[in-house]
Amino acid sequence: NAGVTQTPKFQVLKTGQSMTLQCAQDMNHNSMYWYRQDPGMGLRLIYYSASEGTTDKGEVPNGYNVSRLNKREFSLRLESAAPSQTSVYFCASRILPLYGYTFGSGTRLTVV
Amino acid sequence: QKEVEQDPGPLSVPEGAIVSLNCTYSNSAFQYFMWYRQYSRKGPELLMYTYSSGNKEDGRFTAQVDKSSKYISLFIRDSQPSDSATYLCAMSSSSGTSYGKLTFGQGTILTVHP
């Protein structure tokens with residue numbers, strides 16, 4: 001039972017490069033989320049998918065796009081990376097609103 | 001002003017101490033309250049989940065919610081070095097445009113030294 005799996009775990013990008021962060025959950029959860037975590041800023045919601053086939057912007061969506069590929073998978077894409085996107089990215093899922101999240105172990109991204 | 005305020009610490013205590021971690025909030029619609037524990041270089045994990053006011057106990061951990069004061073607490077009894085982590089409070093409401101949206105505090109860094 002893997003829970004929420006994120007790949008890659010670490011990545012270094014040059015400014016302007018693109019990449020996709022992958023997230024998959026095996027708990028049959030309906031909702032999936034992408035957060036970034038920065039020192040002094042806490043967890044900030046980038047995008048979320050309340051159910052398969054829907055996506056919505058969170059608190060800090062600029063510079064990102066998402067795809068809910070199917071019920072299991074939710075990817076986050078950086079089209080043109082900027083140093084301000086250096087952060088730790090967490091994917092999370094939950095089965096229903098008002099339930100707690102299950103988080104992945106994170107992707108540490110550095111943009112130089 | 002942030003909807004949820006949490007003292008970032010850091011908080012350092014000796015092994016065996018009672019630890020009190022706190023959050024205040026401004027949104028009176030919040031009804032669901034959670035505490036997450038995050039070890040270094042790991043994702044947060046759900047530690048405690050409570051609904052509305054009152055206390056909930058799980059082993060050495062007790063979560064308290066005082067909705068009248070908009071204040072929640074997590075107590076750790078007989079703290080252990082393995083409790084060293086960042087503790088995040090989180091809360092959500094079941095009504096309005098914020099339905100189900102989880103709002104996090106900044107997290108408190110706790111170190112328990114032997």
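Throughout, protein chains are lettered first and strands after them, A, B, ... in sequence-line order, and every chain is numbered starting at 1.
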Under a 4.5 Å side-chain heavy-atom rule over Ile, Leu, Val, Met, Phe, Trp and Tyr, are [X] and [Y] clustered together?
| X | Y | value |
| --- | --- | --- |
| A:L13 | A:W34 | yes |
| A:V60 | A:Y33 | no |
| B:Y87 | B:F75 | no |
| A:V111 | A:V88 | no |
| B:V112 | B:L74 | yes |

B:P44 versus A:L43, closest heavy-atom pair with distance: CG-CD1, 4.3 Å

Chain B contact via A:R44 - which portion, at a heavy-atom distance below 4.5 Å: neither

In Å and rounded to the nearest 0.5 Å, what is the [atom1] to [atom2] distance from [X] to [Y]?
| X | Y | atom1 | atom2 | answer |
| --- | --- | --- | --- | --- |
| B:K101 | A:Y48 | NZ | OH | 9.0 Å |
| A:T102 | B:E45 | OG1 | CD | 10.5 Å |
| B:L88 | A:Q37 | CG | CD | 6.5 Å |
| A:F103 | B:L46 | CZ | CG | 9.5 Å |

Expected output: side-chain B:Q106 to main-chain A:G40 donor-acceptor under 3.5 Å: yes

Winner by heavy-atom pair count (cut-off under 4.5 Å) against chain A, out of B:K2, B:R41, B:Q6: B:R41

Aromatic plane relationship, A:Y101 with B:Y36 - under 30° parallel, 30 to 60° tilted, over 60° perpendicular: tilted

More than 12 heavy atoms of other groups within 6.0 Å of A:Y99 OH: no

Within 6.0 angstrom of B:K67 NZ, more than 12 heavy atoms from elsewhere: yes

Region of B:Q38 that comes under 4.5 Å of a non-hydrogen atom in chain A: side chain

